[in-house]
Amino acid sequence: LLVMHKVDELHAHLNGSVSFSTIEKLVARKPHLNIEHGMTAIRSGQRRTLDECFQVFKVIHQLVDTEEDILMVAKDVIREFAADGVKYLELRSTPRKEKTTGMTKRRYVETVIEAIRQCKNEGVDIEVRFLVAVDRRNGAEVAMETVKLAEDFMLSTGGLVVGLDLSGDPMVGHGRDLLPALQKAKNCGLKLSLHLSEVPSQADESELLLNIPPDRIGHGTFLHPEVGGSQSLVDKVRKHNTPLELCLTSNVKGQTVSSYSQHHFLYWYQMGHPSVLCTDDKGVFCTDLSQEYQLAASTFNLSQEDMWTLSQKAIDCTFAPDLQQQLHQKWLELRPTLFQL
Ligand SMILES: CC(C)=CCNc1ncnc2c1ncn2[C@@H]1O[C@H](COP(=O)(O)O)[C@@H](O)[C@H]1O
Ligand SMILES: [Zn+2]
């Protein structure tokens, strides 16, 4: 039995993290939608094109369109990460307005914050922080509004909102249009986690966005020269020591990486560059953080000690510096129990 040494999850999209049991509850609330589980998840062995994966989010968004849904989904997701042994979670989600149900973007964020607070009050053993997400497809104006919303909540939630995420279909839109919004976010003290070079065609965009620079990078699948990126991109990432959030199952199931052994984890890990294993969308990709650690260990032949260190280093990559010391302490205390087996 291999005990998986993980302590924090830093890249989890709320609506991509909805488990099967939560989907069932949502489907029961909305039987008229005729949604089956095959439409909301990609099972083991299955692969989809990136385009097909993004269709899946549309289906989930139909199921999650009221404040009540958001509250349930966020609480379930937080409890599930805690049950997997995760001690610190950064959730990210795109504020959505739903005309039909009257949900506003502001209420959307407030409801996620409420879920975080309720879990805390119920004694769920996990610290949770929130990143407000910008969907790249929605363009410059929405991005700027979202940054303002994120800034408001950063100030009003006593630090629960820690940053901004840039995500959405990488084939749509260009980062140059979003640069002013991202720069504004950075200047007002929001931490930036940007999905960069998730597909091969984004080298120019990454070149531009790495100049901000971001505080963390999501995926970075096509940054290095061997896969069509460039040394100059790698140099920028290394110069700022910008951590990468790496999601093995997501990349293989979404077919941007051909197999686990081909995953760019190895490239960065061998270089000693800060790399954090993450789930991305644990519901859609039918995984959890333990499984991601397990996969990395077995694919790249890493020892228990290697995995322990990998987890430990992930603590330094969080956007909550106030919690890092406490997490390190917790991690050291857990060490003997993890190595007993
Ligand atoms: C298709 C595929 C391989 C997915 C994994 N890679 C991803 N790349 C970019 N944006 C993403 C990805 N996964 C989730 N998202 C973003 O997260 C959203 C779902 O979570 P939420 O509604 O923000 O709470 C999606 O609509 C999308 O904007
Ligand atoms: Zn992602």
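First listed ligand is number 1; within each ligand, the first listed atom is number 1. Each residue takes its place number in the sequence, starting with 1.
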- Query: Would Ser167 and Asp165 count as a side-chain hydrogen bond (donor to acceptor under 3.5 Å, both in side chains) if you check the C-alpha gap in whole Å, the side-chain angles of each, and the deciding distance to 0.1 Å?
  - Reply: CA-CA 6 Å; Ser167 54; Asp165 154 78; 2.7 Å; yes
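Across every non-hydrogen atom of Leu277 and Leu289, the tightest pair is O-CD1, 3.5 Å.
At the Zn ion (ligand 2), the vertex angle linking NE2 of His195 with NE2 of His13 is 100° (nearest 10 degrees).
Among the backbone and side-chain atoms of Asp165, no N/O/S atom is found under 2.8 Å from the Zn ion (ligand 2).
Nearest to the Zn ion (ligand 2), among the N, O or S atoms that Asp280 has, is OD1. Distances from the Zn ion (ligand 2) to the N/O/S atoms of His11 are shortest for NE2.
Taking the six-membered ring for Trp and the full ring otherwise, the centers of Phe300 and Tyr269 sit at least 6.0 Å from each other.
Taking 4.5 Å as the limit, some side-chain heavy atom of Lys184 sits within range of a side-chain heavy atom of Glu151.
Annotation for Val227: hydrophobic cluster partners, listed by chain and number, are Phe222 (ILVMFWY side-chain heavy atoms under 4.5 Å, direct or chained).
Screening residues 243-258 for side chain to side chain donor-acceptor pair (under 3.5 Å), with sequence neighbours left out, gives His11-Glu245, Arg92-Glu245, Ser193-Glu245, Arg216-Glu245, His219-Asn251, Thr249-Glu292, Ser250-Asp280, Asn251-His263.
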Need the list: ligand 1 N/O atoms against protein N/O atoms, distance under 3.5 Å, rounded to one decimal.
unit_1	atom_1	unit_2	atom_2	d
ligand 1	6 (N)	Glu198	OE2	2.8
ligand 1	6 (N)	Asp280	OD2	3.3
ligand 1	8 (N)	Glu198	OE1	3.0
ligand 1	8 (N)	Glu198	OE2	2.8
ligand 1	10 (N)	Gly168	N	2.9
ligand 1	13 (N)	Asp281	OD2	2.8
ligand 1	17 (O)	His13	ND1	3.1
ligand 1	22 (O)	Asn15	ND2	2.9
ligand 1	22 (O)	His61	NE2	2.7
ligand 1	23 (O)	Thr94	N	2.8
ligand 1	23 (O)	Thr94	OG1	2.6
ligand 1	24 (O)	Asn15	N	2.9
ligand 1	24 (O)	Asn15	ND2	2.9
ligand 1	24 (O)	Ser93	OG	2.6

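In this view, His37 and Phe20 satisfy the ring pair (Phe, Tyr, Trp, His ring centres under 6.0 Å) rule, not counting sequence neighbours.
The aromatic rings of Trp331 and Trp308 sit parallel to each other, their planes meeting at less than 30°, with 60° as the upper class boundary.
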